[in-house]
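All residue numbers in this chain count up from 1 along the given sequence.
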Amino acid sequence: QVQLVESGGGLVQAGGSLGLSCAASGSIFWINDMNWYRQAPGKQRELVAGISSVGSTSYADSVKGRFTISRDNAKNMVYLQMNSLRTEDTADYYCNANAASTTNRYVLREYWGQGTQVTVSS
């Protein structure tokens with residue numbers, strides 16, 4: 001099994017910055033893509049940013065130019081740097097990864113963290 005644990009959420013004023021981290025641990029054989037999702041109250045969960053195992057990135061239009069996703073494969077970490085935050089960025093942010101465990105090296109499974117809250121005040 002693979003566990004994902006997010007950290008770094010909190011309260012920030014509009015226009016400010018915040019960085020999120022996600023640590024993957026457990027019986028990891030290989031991590032393919034790693035992603036950040038968010039879910040605002042009353043809304044569906046949406047993909048914010050993703051990064052492949054070789055570092056290719058993609059972003060939701062709403063965060064392009066403001067958010068940066070990165071990863072450290074040696075540490076099994078993924079990060080999300082959020083700049084120029086807006087009130088509409090307020091949400092629970094979830095780390096997501098597709099990974100193979102040492103007990104089943106040839107099957108990618110999807111894993112989720114427990115989420116971390118980000119609140120942007122006006």
- Residues clustering with M77 (ILVMFWY side chains joined when closer than 4.5 Å, directly or via others): Y79
- Query: What's in the same ILVMFWY side-chain cluster as Y37, cut-off under 4.5 Å, chained through other members?
  - Reply: L47, Y94, W112
- Residues that, via side-chain heavy atoms closer than 4.5 angstrom, fall in one hydrophobic cluster with Y106: none
- Task: Identify, with sequence neighbours excluded, every residue that meets salt bridge (Lys or Arg N to Asp or Glu O under 4.0 Å) alongside K43.
- Result: none
Taking only distance into account, with no hydrogens and no angle test, what donor-acceptor pairs under 3.5 Å do side-chain atoms of residues 113-122 form with protein atoms, sequence neighbours excluded?
residue, atom, partner, partner atom, Å
Q114, NE2, E6, OE1, 3.3
T116, OG1, G9, N, 3.3

Which pairs would a plain distance check flag for residues 17-35, meaning a side-chain donor or acceptor within less than 3.5 Å of a matching protein atom at least two apart in sequence or in another chain?
residue, atom, partner, partner atom, Å
S17, OG, N83, OD1, 2.9
D33, OD1, N98, ND2, 3.2
D33, OD2, N35, ND2, 2.8
D33, OD2, N98, ND2, 3.0
N35, ND2, N96, OD1, 2.9

Tabulate below the donor-acceptor pairs under 3.5 Å that side-chain atoms of residues 49-59 make, not counting sequence neighbours, or state none.
residue, atom, partner, partner atom, Å
S52, OG, V54, N, 3.3
S52, OG, G55, N, 3.3
S52, OG, S56, N, 3.0
Y59, OH, I69, N, 2.9

- Message: Filter on salt bridge (charged side-chain N to carboxylate O under 4.0 Å, His left out), then keep only pairs touching residues 65-79, sequence neighbours left out; what's left?
- Response: R66-D89
- Query: Quick one: salt bridge (charged side-chain N to carboxylate O under 4.0 Å, His left out) pairs with a partner in residues 50-62, sequence neighbours left out?
  - Reply: D61-K64
- Message: So, using salt bridge (Lys or Arg N to Asp or Glu O under 4.0 Å) as the criterion, who are the partners of E46 when residues are at least two apart?
- Response: R38
- Query: Residues two or more places apart in sequence or in another chain: which of them pass ring-ring contact (aromatic ring centres under 6.0 Å, His included) with F67?
  - Reply: none
- Query: Residues in side-chain contact (heavy atoms from CB on, under 4.5 Å) with T103, at least two apart?
  - Reply: S101
